[in-house]
Undergrad: 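Provided herewith is a single structure, encoded as structure tokens, for subsequent inquiry.
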2 protein chains.
Amino acid sequence: MAGRPRSEPARRPGSEPRSGGRQHQARGRGGTGRRTRRAGRTLPRRNREAQEKAIVEAAERVFAGAGFGGATMAEIAKAAGLPKPNLHYYFGSKQALYRAVLERTLREWLEPADCIVASAQPREALECYIRGKMRLSFTCPYASRVWANELLHGAPELRATLVRTLRPLVRRKAAVIDRWIAEGRMAKVDSKHLFFTIWAATQTYADFAVQICAVLGLDKFDRTVQERATEHVVGLILRGCGLAGTRPGRRK
Amino acid sequence: MAGRPRSEPARRPGSEPRSGGRQHQARGRGGTGRRTRRAGRTLPRRNREAQEKAIVEAAERVFAGAGFGGATMAEIAKAAGLPKPNLHYYFGSKQALYRAVLERTLREWLEPADCIVASAQPREALECYIRGKMRLSFTCPYASRVWANELLHGAPELRATLVRTLRPLVRRKAAVIDRWIAEGRMAKVDSKHLFFTIWAATQTYADFAVQICAVLGLDKFDRTVQERATEHVVGLILRGCGLAGTRPGRRK
DNA sequence: CCCACTTTTGACCATTTGGTCAATTACAGG
DNA sequence: CCTGTAATTGACCAAATGGTCAAAAGTGGG
């Protein structure tokens with residue numbers, strides 16, 4: 001099938017490396033997504049947005065499992081259930097796809113920080129933040145691992161983002177905490193390093209899950225362990241910040 | 001290019017991939033190192049042990065920077081200042097070399113835990129352990145990153161080691177902590193999860209150094225930041241374990 | 001000086017991999 | 001039904017990569 005080259009097929013595919021660079025214009029012009037809603041035949045006729053999402057999600061899993069260097073486009077394509085050229089059609093290159101995955105992750109990463117606002121109670125705010133982070137670790141471990149992997153290798157793709165986005169965010173949130181400290185509402189801790197510790201303590205459950213499972217003798221995290229871990233981290237850090245009290249003991 | 005000797009290329013002496021692995025008997029007999037002192041020409045004539053060490057160290061840096069999949073034998077060879085076939089001569093395969101790097105790391109990893117013994121004071125013991133871990137993070141970041149990378153990707157090479165070596169160690173050390181808790185000498189924390197938190201909080205300075213530097217606006221850690229970070233982590237966790245007191249405030 | 005053994009290397013391969021193409025199919029309008 | 005555009009896909013590359021060889025060098029003993 002397919003084939004049947006009409007009449008003047010063999011035009012010698014140029015042989016030159018074409019080298020090329022910016023072919024793949026990506027994104028058409030205006031209303032690309034027309035949402036056809038009329039299923040073609042085998043493929044549910046997904047629109048561009050849905051296809052891109054499917055690819056990014058597949059890529060997230062594969063990158064998380066093998067790192068940028070270890071992941072292959074073929075594997076990602078397979079995971080997404082699409083032929084390989086489609087990935088290039090939508091994202092142009094492996095690196096661009098990788099970047100798309102990272103961008104997606106950044107949003108989730110920053111979200112829980114919304115809890116930390118000056119008008120909140122220190123204990124409520126930090127507890128909310130930590131719980132949010134723990135929840136993410138358990139629900140989106142892949143995203144966390146891709147992010148961790150990128151940092152591990154020197155953040156070649158997002159060093160700029162760290163400085164332009166993460167740094168200002170931390171500065172703002174740290175200022176809130178510093179005020180609480182100045183008002184004597186919590187112990188004197190280094191507010192920025194507190195963030196590093198919270199990130200580390202919470203994401204370790206996503207990034208290093210195998211190690212934790214191995215030590216605990218589990219195959220995977222179950223509800224019980226997730227709750228136990230969460231209460232442990234929340235308790236330890238709140239106590240470390242001088243925010244114990246109120247809630248008597250371990251909840252569960 | 002590349003010739004195309006079509007005719008009778010390989011005599012296939014053993015056809016099979018050799019699979020096995022024990023070629024490369026490593027370790028010579030007794031006095032391998034004879035240190036010729038007469039430089040052959042460019043290479044100072046290093047003995048086997050020294051060569052292996054040089055290779056492992058180069059590999060550690062390269063694996064840390066690119067992960068297993070992203071690292072190339074050529075790059076490692078270049079970093080070690082040796083031709084590529086030498087790596088295979090000494091270690092047989094990329095995987096074997098990688099494993100050698102991991103084994104080396106495991107030793108460093110476990111060492112600081114010696115501080116935690118039943119006869120010690122809880123505060124002294126934990127403080128010693130945390131400081132030891134922090135020191136390692138700052139002095140041997142590459143090793144930590146290789147380890148982290150391996151865990152991140154599911155620990156394909158050392159899942160067994162985790163269960164056979166790390167798990168029993170944690171069980172023993174956790175038992176010590178549980179006793180201290182039972183004796184009312186420290187707060188009620190989950191002893192195993194306490195280890196996970198300590199590992200995370202300390203190694204984040206090695207694994208995610210770029211992120212921390214970006215947030216702090218630094219190029220690299222200087223003495224001051226290292227001390228500040230150490231005091232922060234020690235203080236936060238000890239307080240979280242109900243082991244504050246004695247030492248008044250932040251030392252520096 | 002010769003011999004047996006360990007190391008060192010340059011030259012090569014078979015495969016894998018990111019990426020490219022041209023041809024084909026699916027649609028939406030006219 | 002025809003046509004232009006978006007999307008899809010099988011077939012291909014050139015480059016990179018892990019690994020292999022066999023021919024050198026070194027080396028120490030007899």
Side-chain angles (χ1 to χ4, degrees), chain A residues 1-21 23-29 31-43 45-48 51-52 68-77 82-98, chain B residues 1-6 9-14 17-18 23-29 31-32 34-36 38-43 45-48 51-52 68-77 81-98:
Chain A
M1 335 337 207
R4 243 83 279 263
R6 257 12 148 39
S7 45
E8 214 287 306
R11 88 264 334 18
R12 209 78 304 287
S15 125
E16 323 94 299
R18 212 83 184 76
S19 75
Q23 53 253 73
H24 150 260
Q25 62 288 50
R27 156 204 81 289
R29 55 301 196 34
T32 301
R34 189 53 58 75
R35 161 55 57 73
T36 50
R37 157 229 62 155
R38 285 269 290 69
R41 158 177 342 209
T42 304
L43 300 185
R45 191 74 259 148
R46 300 180 285 186
N47 58 32
R48 180 167 212 115
Q51 288 285 57
E52 288 183 349
F68 180 79
T72 72
M73 292 299 271
E75 209 178 338
I76 296 173
L82 292 169
K84 195 172 55 150
N86 276 34
L87 310 201
H88 285 92
Y89 177 75
Y90 283 110
F91 291 91
S93 73
K94 186 184 182 184
Q95 205 178 54
L97 174 54
Y98 182 61
Chain B
M1 303 340 112
R4 61 231 30 258
R6 243 4 127 216
R11 89 261 352 357
R12 220 73 304 284
R18 216 83 184 71
Q23 61 249 66
H24 144 261
Q25 62 287 54
R27 142 217 104 282
R29 53 303 194 31
T32 301
R34 188 50 59 74
R35 164 53 59 72
T36 51
R38 283 270 292 66
R41 164 171 340 209
T42 304
L43 300 185
R45 187 80 259 141
R46 300 180 287 188
N47 60 32
R48 181 168 212 114
Q51 288 285 59
E52 289 182 348
F68 179 79
T72 72
M73 291 300 270
E75 210 178 338
I76 296 172
L82 293 168
K84 196 171 55 149
N86 275 34
L87 309 201
H88 284 93
Y89 175 73
Y90 283 110
F91 291 91
S93 73
K94 186 184 182 185
Q95 205 179 54
L97 174 54
Y98 182 61

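Reminder, nothing fancy here: chain letters follow the sequence lines and each chain counts from 1. Note that the structure is a prediction, hence the values are computed from the model and not measured. These numbers come from the heavy atoms of this one structure, side chains and all, not from hydrogens, waters or symmetry mates.
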Undergrad: Atom CG of A/L87 to atom P of D/dT8: distance rounded to whole Å?
TA: 11 Å
Undergrad: Return the minimal non-hydrogen interatomic distance between B/M73 and B/L87, and the atom names on each side.
TA: O-CD1, 3.6 Å
Undergrad: Return the value, rounded to whole Å, for the distance between atom CD of A/Q51 and atom C1' of C/dA26.
TA: 13 Å
Undergrad: Take atom CD of B/E75 and atom P of D/dG18, then tell me their distance rounded to the nearest Å.
TA: 9 Å
Undergrad: Hey, what bend do you get for the helix from C/dC1-D/dG30 to C/dG30-D/dC1 if you fit axes on five pairs at each end, rounded to 10°?
TA: 0°
Undergrad: Is there a side-chain contact between B/K94 and B/H88 in this structure, where contact means two heavy atoms from C-beta onward sitting under 4.5 Å apart?
TA: no
Undergrad: Would you call A/T72 and A/E75 a side-chain contact if the rule is heavy atoms closer than 4.5 Å?
TA: yes
Undergrad: Distance from B/Y98 atom OH to B/I76 atom CD1, nearest 0.5 Å?
TA: 11.0 Å
Undergrad: Considering non-hydrogen atoms only, spot the tightest contact between B/P83 and B/A77 and give its length.
TA: C-CB, 4.1 Å
Undergrad: Find the distance B/L82:CG to C/dT6:P and express it as a whole number of Å.
TA: 19 Å
Undergrad: Would you compute the distance between atom CG of B/N86 and atom CD of B/Q51 and round it to the nearest 0.5 angstrom?
TA: 6.5 Å
Undergrad: Round to a whole Å and report the spacing from CZ of B/R48 to P of D/dT27.
TA: 15 Å
Undergrad: Rounded off to whole Å, could you give me the CG-to-P distance for the B/N86 and D/dA22 pair?
TA: 18 Å
Undergrad: Using whole Å, report how far OH of B/Y89 lies from C1' of C/dT7.
TA: 5 Å
Undergrad: Sequence neighbours excluded, which residues qualify as side-chain hydrogen bond (donor to acceptor under 3.5 Å, both in side chains) partners of A/E52?
TA: A/R48
Undergrad: What does the list of N/O pairs under 3.5 Å between the protein and nucleotides 16-18 of chain C look like, with a distance for each?
TA:
{"unit_1": "C/dG18", "atom_1": "OP1", "unit_2": "A/A71", "atom_2": "O", "d": "3.0"}
{"unit_1": "C/dG18", "atom_1": "OP1", "unit_2": "A/K94", "atom_2": "NZ", "d": "3.1"}
{"unit_1": "C/dG18", "atom_1": "OP2", "unit_2": "A/M73", "atom_2": "N", "d": "2.8"}
{"unit_1": "C/dG18", "atom_1": "N7", "unit_2": "A/K84", "atom_2": "NZ", "d": "3.2"}

Undergrad: OP1 or OP2 of D/dA6 versus the side-chain N and O atoms of A/Y90: is any pair under 4.0 Å?
TA: no
